[in-house]
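This report concerns only the one structure given below.
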Number of protein chains: 2
Amino acid sequence: MTIILQNAMSDTANRDRVGELPVARLTETDAALREHATPVRVRRRQRLSLDQPTPDTVYIVRSGLLGIEAAILGKPRQLLELFYPGDIIRRANMPPLPNATLTALNVSEVWRLPARGFEALLAANVDQHANMQRRLGEQHARASLHASIIGALSGDERFASLLIELGLRIGQRGAAGIGIDNPLSRTDIADYLALNPDTLSRITSRFRARGLLVPLGGGQILLPSWEELCAASPIATTLKALHTPPG
Amino acid sequence: MTIILQNAMSDTANRDRVGELPVARLTETDAALREHATPVRVRRRQRLSLDQPTPDTVYIVRSGLLGIEAAILGKPRQLLELFYPGDIIRRANMPPLPNATLTALNVSEVWRLPARGFEALLAANVDQHANMQRRLGEQHARASLHASIIGALSGDERFASLLIELGLRIGQRGAAGIGIDNPLSRTDIADYLALNPDTLSRITSRFRARGLLVPLGGGQILLPSWEELCAASPIATTLKALHTPPG
DNA sequence: AGGGGGTTTTGATCCCGATCAACAGATTTG
DNA sequence: CAAATCTGTTGATCGGGATCAAAACCCCCT
């Protein structure tokens, strides 16, 4: 089982992804952006300033996974949003909470460009503008859905929803199920789902017992039954719509 | 106390608002939009379709208060987002949940325009584009903050946060405190804060006992002590930043 | 005044997830 | 290798909000 999965993962070229490609494809749109952008490679856990160097910097995710962390007063840390390849990150789109920081949850590459340059690029090209508008719209929808998830779903349902999201985004279909490489840490997941780590641990045990989740060492997990997993989340179809590219 | 408040409210021209004007001012930007838009006047509780008549219709709020309602499966109905004058509403920015509908929470006026026309307008005018971009960014930030509120704050803190938001947006400063006219129904508030009506009732009783909230008949409420109210929410400063116009 | 239907309130109880504490691995450090 | 530290697990207990049911209050009627 493990071997099959690792084969699938080492074979980067042929892997049959469930969701989007991990690295955004380089289209003409990207090429135009690229000219004005500074590529930044970040390691795991590295923080990116949102207020430096220019007042409003725009980041575009090329590969990897990033997230916005914030904390309210004496409340536990929260992971407000996850960013996947193609996503657009800017301070103005995030709540002005103190200590809001952009953190790489995995080794990632982002393109940094000043807000002015970004706006100018959009103005110059109609297609590009529509494309970015669509992406920003999707991200808004995801933020809104996240509130819905946290507000209405039980712990188990929230966790199932996250697994579905990760499966669609960074999952790789193997013979034994869908494998996910290098996911969030336990604490990250707890902060994202507004649960505490203790509770999350109980939930994962329950999922393991139900056969929905198989931990393979090294931060890799396997989802043996996609159908059952989807049945465990009341918003599976919505997640599929939001996390699968329209193609 | 009541008399003072009603004076303040009947005197529409001179009222000293805490937050934004209830009706967006008619700037040049608006004038350009106006040419391509169909004004729609809606009554309380009226629903607006988001998928009709064109696949992606854009609404711009001119006055009043609207909200997105949605429900997950057997879960209780949720109020995902509130829209104030100047806000931009489009289907693509909302999660593709079944039964997601745009509802007027108060008598309102919106401008309806087809997505294509909206995009074309933005492309034509740089200032307009920047302005809309800023508004959409703010709305995204509010959606994200809402997830944060629901995920991290207690019932009392959530309610205090909502009162602060409403005070900033539609509150009117009077001698006895800040008055709010025609707020959301009990159920609306509960759905927005991800609480159930029973719990919300207990919270309001508590607020009344603490002297933070005075109900005046006819859907009007009074916030006698703005400072104490702000102290009851850990995100008061963030709310002020998001719900006060930069001017 | 007296109904009648809806909403808000209140009381009693329950349950999910938080909290606290102790322990087990894993990783780092001397 | 052992000490230290961080992360994840498990058990016991607690509490905030949910749930259910009944009473009180509104508002509109005629």
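Chain identifiers are assigned alphabetically (A, B, ...) following the order of the sequence lines, protein sequences preceding nucleic acid strands; residue numbering begins at 1 within each chain.
Using a 4.0 Å heavy-atom cutoff across all strands shown, Thr187(B) reaches sugar-phosphate atoms only and no base atom. Among the protein residues, Ala194(A) comes within range of the sugar-phosphate backbone only, with heavy atoms under 4.0 Å from sugar or phosphate atoms but none that close to a base. Counting any heavy atom pair closer than 4.0 Å across all strands shown, Leu195(B) reaches sugar-phosphate atoms only and no base atom. Counting non-hydrogen atoms under 4.0 angstrom, Arg208(A) reaches the backbone sugars and phosphates but no base.
Nearest nucleotide to the Arg186(A) side chain, out of dT9(D), dT9(C), dT8(C): dT9(D). The nucleotide whose nearest atom lies closest to any side-chain atom of Thr199(A) is, among dT9(C), dG17(D), dT19(C), dT19(C). Relative to the side chain of Arg202(B), the nucleotides dT10(C), dT9(C), dT8(C) differ in distance, and dT10(C) lies closest. Closest to the Asn196(A) side chain, of the nucleotides dG17(D), dT9(C), dA18(C), is dA18(C).
Between the CD1 atom of Ile189(B) and the P atom of dT9(C) there is a distance of 10 Å, given to the nearest Å. Separating the CG atom of Asp188(A) from the P atom of dC6(D) is a distance of 16 Å, rounded to the nearest angstrom. Atom CZ of Arg44(A) is separated from atom P of dT7(D) by 11 Å (rounded to the nearest Å). For the pair Leu184(B) CG and dT7(C) P, the computed distance is 15 Å after rounding to whole Å. The nearest whole Å value for the distance from the CZ atom in Arg77(A) to the C1' atom in dA18(C) is 20 Å. Rounded to an integer number of Å, the gap from Leu200(A) CG to dT9(D) C1' is 11 Å. If you measure from atom CZ of Phe159(B) to atom C1' of dT8(C), you get 13 Å, rounded to the nearest angstrom. The separation between Leu153(A) atom CG and dA18(D) atom P is 14 Å, rounded to whole Å.
Here the side chain of Arg91(A) pairs a donor or acceptor atom with the backbone of Pro95(A) at under 3.5 angstrom. The backbone N or O of Glu157(A) sits less than 3.5 Å from a side-chain atom of Ser161(A), completing a donor-acceptor pair.
A distance of 5.0 Å separates CG of Leu50(A) from CD1 of Ile68(A), quoted to the nearest 0.5 Å.
The cationic group of Arg112(A) does not satisfy the cation-pi geometry with Tyr59(A), failing either the under 6.0 Å distance to the six-membered ring centre or the 45° limit from the ring axis.
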Next on the checklist: Run the side chain to side chain contact (heavy atoms under 4.5 Å, CB included) test on Asp191(A) and Glu69(A) for me, step by step, so that the C-alpha distance in whole Å, both residues' side-chain angles and the decisive distance to 0.1 Å come before the verdict.
Outcome noted: CA-CA 9 Å; Asp191(A) 292 347; Glu69(A) 293 183 354; over 6 Å; no
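Where Arg206(B) and Asp198(B) each meet DNA chain D at their nearest nucleotide, the meeting point lying more 5' is that of Arg206(B).
The phosphate of dT10(C) has OP1 or OP2 within less than 4.0 Å of a side-chain N or O from Ser205(B).
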